[in-house]
Visitor: 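Here it is, the structure in full.
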Amino acid sequence: MGQPHDLSDSAFLKAVRGEPVPHIPVWFMRQAGRSLPEYLAVREGTNMLESCMNAELVTEITLQPVRRYGVDAAIFFSDIVLPLKAVGVDLDIKPGVGPVVARPVRTVADVEAIPDLTPDHVPFITEAVRTLTGELAGMNGGTPLIGFAGAPFTVASYLVEGGPSKEHAKTKALMFGAPDVWDALMRKIAGISAAFLEVQVAAGASAIQLFDSWAGALTPGDYERHVMPHSASVLERVGALGVPRIHFGVGTTNLLTLMGEAGADVVGVDWRTPLPTAIPMVGDRAVQGNLDPTLVFAPTDVMTARAAEIIEAGRAAKGHVFNLGHGVIPTTDPDQLARLTEFVQSYPLR
């Protein structure tokens with residue numbers, strides 16, 4: 001089922017391709033959820049992973065911020081560990097904690113016990129994306145949908161640690177001490193992430209974002225040797241489908257060049273790295289970002305002044321998609337994000 005509306009002229013897709021834009025495009029990581037009262041209402045009584053496996057809920061939650069803000073792209077509502085749950089890994093998302101895995105991965109046998117993902121594991125994803133792309137085609141003159149997946153290192157860290165970790169000590173111990181297990185695990189997750197993205201693109205997603213939230217825990221050398229080849233394999237498989245690829249990590253100032261070279265068309269920049277520093281590092285690629293998410297809590301004129309600085313800096317890039325430098329904080333005032341969206345979209349192009 002193809003897209004009924006030609007989205008190639010959308011500001012978002014023009015920016016990621018490095019073409020002249022009708023206005024500065026903007027969307028927000030974690031725009032679908034947590035801070036929206038309509039999200040909290042529709043999610044009431046349904047846990048996170050159940051929500052992600054209900055096509056009707058996924059559709060509604062993904063559309064909510066597009067309706068409210070008129071952002072230039074929708075991001076598919078899902079979770080980084082959902083594909084693992086879909087193939088049968090025993091895990092849950094505990095409120096206030098995050099993903100918790102019942103039996104952490106330690107051996108090659110543990111890795112081999114994880115099935116590969118097929119479209120049959122995730123029929124609700126196909127259904128949700130098809131419905132969404134139909135709905136989004138008629139919103140704001142046509143709004144693209146960005147597909148979503150976790151990158152191999154970040155997903156591996158949950159599988160190895162058994163839950164969220166600040167130090168990633170067990171993850172790195174496996175990476176350095178049992179390279180055969182590590183390589184098998186990364187290949188397994190890369191295959192699952194790529195297949196998960198392929199399902200979304202086949203159903204109509206216009207672009208994808210690969211989230212490597214915890215890659216900033218690595219040195220450039222360790223990233224290049226132990227992680228980059230696996231992220232590259234995901235991005236290469238999706239690249240064969242002809243959609244733009246965004247690659248984002250947190251605390252990745254020292255990895256931006258490598259994350260671009262892994263196969264990204266757009267490099268997401270977190271708020272810690274000023275765009276004038278980031279843009280020369282990413283080469284001939286567009287950038288996405290990177291307002292500090294806490295600036296939305298500042299007075300509106302302070303927030304918009306900083307947004308203006310980011311837009312001006314973004315002019316030096318091949319293309320620029322305005323975003324926060326990480327996800328929307330749950331206590332964010334939706335009205336302030338609405339003001340930010342309007343400010344960015346109405347900002348003079350030159």
Side-chain angles (χ1 to χ4, degrees), residues 12 16 25-36 39 48 61-62 65 69 71-81 93 96-99 146-151 153-155 157-158 164-166 168 207-218 223 231 245-256 259-260 264 266-279 281-282 286-298 302-304 306-307 309-311 313-314 317 320-334 336-337 340-341 344:
F12 168 77
V16 298
V26 53
W27 69 278
F28 304 110
M29 289 181 278
R30 295 200 185 124
Q31 66 187 15
R34 303 196 309 175
S35 65
L36 295 180
Y39 165 79
M48 180 64 180
I61 291 167
T62 303
Y69 304 128
V71 284
D72 292 286
I75 177 77
F76 189 68
F77 176 74
S78 188
D79 190 271
I80 221 157
V81 297
I93 296 177
V97 180
I146 303 169
F148 167 102
F153 176 79
T154 293
V155 177
S157 77
Y158 287 113
S165 165
K166 287 182 178 164
H168 307 286
I208 65 96
Q209 178 156 314
L210 190 66
F211 286 80
D212 212 349
S213 309
W214 309 134
L218 298 163
Y223 176 84
S231 293
R245 300 153 295 176
I246 309 167
H247 199 187
F248 172 74
V250 182
T252 49
T253 305
N254 58 346
L255 303 178
L256 290 174
M259 289 181 76
V266 183
V267 177
V269 184
D270 89 346
W271 78 92
R272 298 169 180 84
T273 312
L275 287 189
T277 302
I279 289 167
M281 295 177 73
V282 305
V287 293
Q288 178 177 279
N290 72 341
L291 186 73
D292 184 333
T294 63
L295 271 157
V296 179
F297 294 84
V302 175
M303 171 185 75
T304 54
R306 189 68 68 88
E309 288 176 17
I310 289 166
I311 294 168
H320 178 217
V321 176
F322 190 92
N323 206 314
L324 302 179
H326 198 191
V328 173
I329 296 167
T331 49
T332 296
D333 174 6
Q336 191 71 326
L337 274 188
L340 179 58
T341 304
V344 173

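As a basis for the values below, the full set of heavy atoms in this structure was taken, side chains included, without hydrogen atoms, waters or symmetry mates.
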Visitor: For a side chain to side chain contact (heavy atoms under 4.5 Å, CB included) check, start with the C-alpha distance between F12 and I146, then their side-chain angles and the critical distance, and finish with the verdict.
Guide: CA-CA 10 Å; F12 168 77; I146 303 169; 3.6 Å; yes

Visitor: Could I get the full list of side-chain hydrogen bond (donor to acceptor under 3.5 Å, both in side chains) partners for Y223, not counting sequence neighbours?
Guide: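 Result, side-chain hydrogen bond (donor to acceptor under 3.5 Å, both in side chains) vs Y223: none returned.
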
Visitor: Before giving the answer on side chain to side chain contact (heavy atoms under 4.5 Å, CB included), spell out for M29 and N323 the whole-Å C-alpha distance, their side-chain angles and the decisive distance to 0.1 Å.
Guide: CA-CA 7 Å; M29 289 181 278; N323 206 314; 4.0 Å; yes

Visitor: Could you pull out all residues at least two apart from S231 that satisfy side-chain hydrogen bond (donor to acceptor under 3.5 Å, both in side chains)?
Guide: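 Not a single residue meets the side-chain hydrogen bond (donor to acceptor under 3.5 Å, both in side chains) criterion with S231.
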
Visitor: Would you please name every residue forming a side chain to side chain contact (heavy atoms under 4.5 Å, CB included) with N254, sequence neighbours left out?
Guide: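 Result, side chain to side chain contact (heavy atoms under 4.5 Å, CB included) vs N254: P220.
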
Visitor: Decide yes or no for L291 and L340: does some side-chain heavy atom of the first lie under 4.5 Å from some side-chain heavy atom of the second?
Guide: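 L291 vs L340: side chains touch.
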
Visitor: Return yes if some donor-acceptor pair links the side-chain N/O of T273 with the main-chain N/O of A278 below 3.5 Å, else return no.
Guide: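 Here the side-chain-to-backbone pair does not exist.
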
Visitor: Quick one: list whatever passes ring-ring contact (aromatic ring centres under 6.0 Å, His included) with F148, sequence neighbours left out.
Guide: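 Per chain and number, F148 pairs via ring-ring contact (aromatic ring centres under 6.0 Å, His included) with F211.
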
Visitor: Where do H168 and S157 come nearest, in terms of heavy atoms and distance?
Guide: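 Minimum heavy-atom separation between H168 and S157: ND1-CB, 3.8 Å.
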
Visitor: Quick one: pull up CG in L337 and OG1 in T332 and give me the separation to the nearest 0.5 Å.
Guide: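 So the gap between those two atoms works out to 5.5 Å.
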
Visitor: To the nearest 0.5 Å, what is the distance between CE (M303) and OG1 (T294)?
Guide: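 Reported to 0.5 Å precision, the distance equals 12.0 Å.
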
Visitor: Please find the pair of heavy atoms, one from P293 and one from G325, that lie closest to each other, and give the distance.
Guide: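 Closest heavy-atom pair between P293 and G325: CD-N, 4.3 Å.
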
Visitor: Search all heavy atoms of T62 against all heavy atoms of I75 and return the closest pair with its distance.
Guide: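 Minimum heavy-atom separation between T62 and I75: CG2-O, 3.4 Å.
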
Visitor: Would you say P65 and L36 make side-chain contact, with heavy atoms under 4.5 Å?
Guide: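 They are in side-chain contact.
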
Visitor: On a heavy-atom basis, which atom in L275 and which in H320 lie closest, and how many Å separate them?
Guide: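 Heavy-atom minimum between the residues: CD1-NE2, 3.8 Å.
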
Visitor: What are the two closest non-hydrogen atoms of Q31 and A74, and how far apart are they?
Guide: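 Distance-wise, the nearest heavy atoms are NE2-CA, 3.7 Å.
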
Visitor: Nearest 0.5 Å, please: how far is CH2 in W271 from CZ in R306?
Guide: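 So the CZ of R306 and the CH2 of W271 are separated by 13.0 Å.
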
Visitor: Which residues satisfy the side chain to side chain contact (heavy atoms under 4.5 Å, CB included) test with M281, sequence neighbours excluded?
Guide: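 Once residues adjacent in sequence are excluded, the partners of M281 under the side chain to side chain contact (heavy atoms under 4.5 Å, CB included) criterion are L256, T257, T277.
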
Visitor: Considering non-hydrogen atoms only, spot the tightest contact between T154 and S213 and give its length.
Guide: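 Heavy-atom minimum between the residues: OG1-N, 3.0 Å.
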
Visitor: Among all residues two or more places apart in sequence or in another chain, which pass the side-chain hydrogen bond (donor to acceptor under 3.5 Å, both in side chains) test with R272?
Guide: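 Checked R272 against side-chain hydrogen bond (donor to acceptor under 3.5 Å, both in side chains); matches are D270.
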
Visitor: Check ring-ring contact (aromatic ring centres under 6.0 Å, His included) between F76 and all other residues, then give those that pass, not counting sequence neighbours.
Guide: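 Residues passing ring-ring contact (aromatic ring centres under 6.0 Å, His included) with F76: none at all.
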
Visitor: Could you work out, with side chain to side chain contact (heavy atoms under 4.5 Å, CB included) as the rule, every residue matching V266, not counting sequence neighbours?
Guide: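 In terms of side chain to side chain contact (heavy atoms under 4.5 Å, CB included), with neighbours along the sequence ignored, V266 is linked to V16, I246, A286, Q288.
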
Visitor: Taking the side chain as every heavy atom from C-beta outward, state whether P25 and F322 have any pair of such atoms under 4.5 Å apart.
Guide: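 SC-SC contact between P25 and F322 ruled out.
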
Visitor: So do the side chains of H326 and F248 get within less than 4.5 Å of each other, counting heavy atoms only?
Guide: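 H326 reaches F248 side chain to side chain.
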
Visitor: State which residues pass side chain to side chain contact (heavy atoms under 4.5 Å, CB included) with T341; sequence neighbours excluded, sorted by chain then number.
Guide: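 Applying side chain to side chain contact (heavy atoms under 4.5 Å, CB included) to T341 gives V26, F28, Y69, V71, Q345.
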
Visitor: Quick one: side-chain hydrogen bond (donor to acceptor under 3.5 Å, both in side chains) partners of R245, sequence neighbours excluded?
Guide: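 In terms of side-chain hydrogen bond (donor to acceptor under 3.5 Å, both in side chains), with neighbours along the sequence ignored, R245 is linked to D265.
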
Visitor: One pair to check against side chain to side chain contact (heavy atoms under 4.5 Å, CB included): L324 and V296. What are the steps and the verdict?
Guide: CA-CA 9 Å; L324 302 179; V296 179; 4.2 Å; yes

